[in-house]
Student: 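One structure, pasted below without further comment.
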Amino acid sequence: MNRLKVLDVYSLRLLLTLLMLSGISLSVGISSWLSTRDAKHQIEELFDAQMLQTAKMLELFYHDEADFKHPQTQPQVLHVPDSQVSSFAEKADALKLAYEHKLAFQIWSETGQALVFSDNIEREPLTKFEQGYSKRVFEGELWHVFSFFSAKHKVWIITAQQDEVRQELVSQIMQNAVIVPLIVVPLTLLIVSLLFYILFRPLKTFERELMARSPNDLTPLAMSLPKELVPVRRALNQYISSIARFIARERRFSADAAHELKTPLSVIKLHQQGLEGLVGDDPAQHIHLAAIDAGVKHMSHTVEQLLLLARVDSIAELNVQSYALLPMVEDALNQLMPLITEYEWNIDVDAGLILKCDRFYLLVVLKNIIENACKYSPIETEISISAVKVATGVEIKISDRGQGMTSEQIASATERFYRVNENEGIGAGLGLSICHHIIGLHQGQLTIASREQAGLVVTLFLPQ
């Protein structure tokens, strides 16, 4: 049972949405991470190659002059102005390029004399005179350094670049890698939700059609569906056909059984009446005859109900016309004589109240409900019949002061062959089922409610 409850709240649309969104998010996340990692590696290689190329260009344009290498000769200094540009996003002019002050170079003689250097770095060798790449911290900033020995000019050429240059470029790439998923994932979720709404719309239409079908509508389902739902429709049609065959067999059996029992009951009743004239004053004999009479009446009532049920089930179309309600109530009461004489009656029906119905079948409903009120109410209690016209139809209420029913009994009261107390043996449990079916054929509604203190209120609503 608990597992069924879990399955009832299981949403295929939600699961597909979550799975697809999770897959997209995971794919975008992994792709962004791999792209960022590869981009960082490529940036490192690119800037390292740039420092190497810068060193070779300095070697190409360097002039080897003897006087320049003299120990007393002052080195040449390249002034690097601070452009006040701190990021790629900021603009710079042609003379103040972004990041120029974050690049530096030095040229040293083989003997360790400074020949040329940029003034944005200290006047000391940035690294040991060893060819290759290294890193050094200067004034709190990490620098990437490349040293190159020119065999042609017998000088050391050192190029340097702040790590911030590389890290900001990596940061921008990572930021773009994060921003793209933040845009793509919600947009994808919106598109997926819209797509699933469109795809699941036939299923919702299918559900609405099933919910709107009358319980008595056993015609096959014929609505157009996607190929994936065609097997479901086929299985439902097979199920509906099986139910229709079963109901047809049940109705045929009920009708045949009622007809077959009608004649034997008439014969038993006839012989019982004949025996009443033959027996004497022996009380035991009269007790047996009374038991036979009660049993025959009960069986006759059951047969009549079965025949009426078969007739109601076979109704193809109601003969709906306009009738005054009060004469119909009076007719129903007259047909129940002398049963109704032992009760107090409160009839509150306007003589001018007209309703549209099939008079024969609505009279059957009134008789059944009034008869039930009499059967289950103590003698000399009040039974009320009232009617009022409402906005969309007419409401008829029949109230009694009987033993009443529990909410569970009320929920099952209109089921066929259901009896409130199986041991009492009163009725066949078909009366309210027949009434419910007839009111349903009128597109109306039959409701049962408990009454305060004791009793029931049966309300018939007939649309007009």
Side-chain angles (χ1 to χ4, degrees), residues 208 211-217 308 312 315-336 340 343-377 381-415 418 420 430-464:
R208 285 194 296 269
M211 295 295 292
R213 285 172 71 94
S214 168
N216 298 317
D217 186 2
L308 179 59
V312 169
I315 295 175
E317 185 178 358
L318 293 173
N319 181 23
V320 177
Q321 296 183 26
S322 296
Y323 298 97
L325 177 58
L326 184 57
M328 294 176 62
V329 173
E330 293 173 346
D331 195 3
L333 292 171
N334 290 332
Q335 292 184 33
L336 292 173
I340 66 171
Y343 301 90
E344 296 182 8
W345 293 91
N346 180 12
I347 311 299
D348 184 15
V349 180
D350 190 345
L353 184 58
I354 306 296
L355 73 163
K356 294 179 180 180
C357 64
D358 187 312
R359 190 180 191 281
F360 173 81
Y361 287 109
L362 186 58
L363 192 59
V364 169
V365 173
L366 293 173
K367 284 172 57 180
N368 267 293
I369 297 176
I370 293 172
E371 186 177 11
N372 281 344
C374 294
K375 284 182 179 179
Y376 294 98
S377 297
T381 56
E382 182 184 82
I383 299 176
S384 302
I385 303 175
S386 62
V388 62
K389 189 171 182 60
V390 294
T392 56
V394 175
E395 278 190 355
I396 305 170
K397 293 187 177 182
I398 301 173
S399 309
D400 62 57
R401 289 296 181 184
Q403 64 187 30
M405 288 192 289
T406 64
S407 57
E408 291 80 8
Q409 291 170 339
I410 290 175
S412 304
T414 56
E415 296 177 4
Y418 176 80
V420 174
L430 291 172
L432 283 177
S433 174
I434 293 171
C435 296
H436 184 265
H437 185 63
I438 292 174
I439 297 299
L441 292 173
H442 282 83
Q443 305 302 317
Q445 189 175 6
L446 183 150
T447 57
I448 304 171
S450 296
R451 197 175 180 187
E452 291 185 3
Q453 296 179 354
L456 287 177
V457 179
V458 180
T459 303
L460 308 175
F461 170 74
L462 296 172
Q464 301 299 306

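Positions are given from 1 along the sequence.
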Student: Over all heavy atoms of both residues, which pair between S450 and I410 is shortest? Give the atoms and the distance, please.
Tutor: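 The answer is OG-CD1, 3.6 Å.
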
Student: Using the test side chain to side chain donor-acceptor pair (under 3.5 Å), find all partners of K367 that sit at least two apart in sequence or belong to another chain.
Tutor: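 Partners of K367 by the side chain to side chain donor-acceptor pair (under 3.5 Å) criterion, ordered by chain and then number, come out as Q335.
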
Student: Looking at side-chain heavy atoms only, is the closest gap between I370 and I383 below 4.5 Å?
Tutor: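 Contact flag for I370/I383 side chains = no.
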
Student: Please list all pairs passing the salt bridge (charged side-chain N to carboxylate O under 4.0 Å, His left out) test where one or both residues lie in residues 318-335, with sequence neighbours left out.
Tutor: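 For residues 318-335: D331-R359.
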
Student: Would you say the side chain of I439 lies within less than 4.5 Å of the side chain of L362, judging by non-hydrogen atoms?
Tutor: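 Of all side-chain heavy-atom pairs linking I439 with L362, at least one is under 4.5 Å.
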
Student: Side-chain contact test, heavy atoms from C-beta onward, threshold under 4.5 Å: evaluate it for L456 versus N372 and give yes or no.
Tutor: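 No. Closest side-chain heavy atoms not under 4.5 Å.
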
Student: Indicate yes or no: at least one non-hydrogen side-chain atom of Y376 is less than 4.5 angstrom from one of D400.
Tutor: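 No, their side chains stay 4.5 Å or more apart.
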
Student: In Å, rounded to the nearest 0.5 Å, how long is the span from CG of L462 to CD1 of I438?
Tutor: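 Output value for this atom pair is 11.0 Å.
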
Student: Quick check: closest heavy atoms across G431 and N368, and the distance to 0.1 Å?
Tutor: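 Shortest heavy-atom separation between G431 and N368 comes out as CA-OD1, 3.7 Å.
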
Student: Output a table of donor-acceptor pairs, distance under 3.5 Å, between side-chain atoms of residues 349-356 and any protein atom two or more places apart or on a different chain; print 'none' if there are none.
Tutor:
{"residue": "D350", "atom": "OD1", "partner": "G352", "partner atom": "N", "Å": "3.0"}

Student: For the backbone of C357 and the side chain of Y323, can you confirm whether one donor and one acceptor N or O come within less than 3.5 Å of each other?
Tutor: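 A pair under 3.5 Å: no.
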
Student: Which residues pass the side-chain contact (heavy atoms from CB on, under 4.5 Å) test with H436, sequence neighbours left out?
Tutor: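 Per chain and number, H436 pairs via side-chain contact (heavy atoms from CB on, under 4.5 Å) with T414, L446.
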
Student: Only counting residues at least two apart or in another chain, list the ones meeting salt bridge (charged side-chain N to carboxylate O under 4.0 Å, His left out) with R451.
Tutor: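 None.
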
Student: Sequence neighbours left out, what pairs pass salt bridge (charged side-chain N to carboxylate O under 4.0 Å, His left out) with at least one residue falling in residues 454-464?
Tutor: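 Salt bridge (charged side-chain N to carboxylate O under 4.0 Å, His left out) check on residues 454-464 returns no pairs.
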
Student: Write down the atom of C435, the atom of I369, and the distance for their closest heavy-atom approach.
Tutor: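 Of all heavy-atom pairs spanning C435 and I369, the closest is SG-CG1, 4.1 Å.
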
Student: Okay, side chain of W345, backbone of L333: is any donor-acceptor separation there less than 3.5 Å?
Tutor: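 No; judged by distance alone, with no hydrogens or angles, the pair does not exist.
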
Student: With sequence neighbours left out, what residues match E382 under side chain to side chain donor-acceptor pair (under 3.5 Å)?
Tutor: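 Expected list: S384.
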
Student: Sequence neighbours excluded, which residues qualify as side-chain contact (heavy atoms from CB on, under 4.5 Å) partners of E408?
Tutor: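 Listed in chain order: T406.
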
Student: So how far is it from T392 OG1 to Q464 CD, rounded to the nearest 0.5 Å?
Tutor: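 The OG1 atom of T392 sits 9.0 Å away from the CD atom of Q464.
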
Student: Closer than 3.5 angstrom, by distance alone: can the side chain of R401 be matched with the main-chain N or O of A454 as a donor-acceptor pair?
Tutor: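 Such a contact is found between R401 side chain and A454 backbone.
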
Student: Indicate yes or no: at least one non-hydrogen side-chain atom of C374 is less than 4.5 angstrom from one of L336.
Tutor: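 Answer no - side chains too far apart.
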
Student: Atom OG1 in T447, atom CG in L460: separation rounded to 0.5 Å?
Tutor: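 If we round to the nearest 0.5 Å, T447:OG1 and L460:CG are 8.0 Å apart.
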
Student: Could you work out, with side chain to side chain donor-acceptor pair (under 3.5 Å) as the rule, every residue matching Y361, not counting sequence neighbours?
Tutor: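 Expected list: R311.
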
Student: Please give me the minimum heavy-atom distance between L366 and A332, naming the atom from each residue.
Tutor: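 Closest approach of L366 to A332: CB-CB, 4.1 Å.
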
Student: Under the rule for side-chain contact (heavy atoms from CB on, under 4.5 Å), what residues qualify as partners of N319, not counting sequence neighbours?
Tutor: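 If we apply the side-chain contact (heavy atoms from CB on, under 4.5 Å) test to N319, skipping adjacent residues, the hits are Q321, D358.
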
Student: Sequence neighbours excluded, which residues qualify as side-chain contact (heavy atoms from CB on, under 4.5 Å) partners of P463?
Tutor: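 Residues passing side-chain contact (heavy atoms from CB on, under 4.5 Å) with P463: Q443, F461.
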
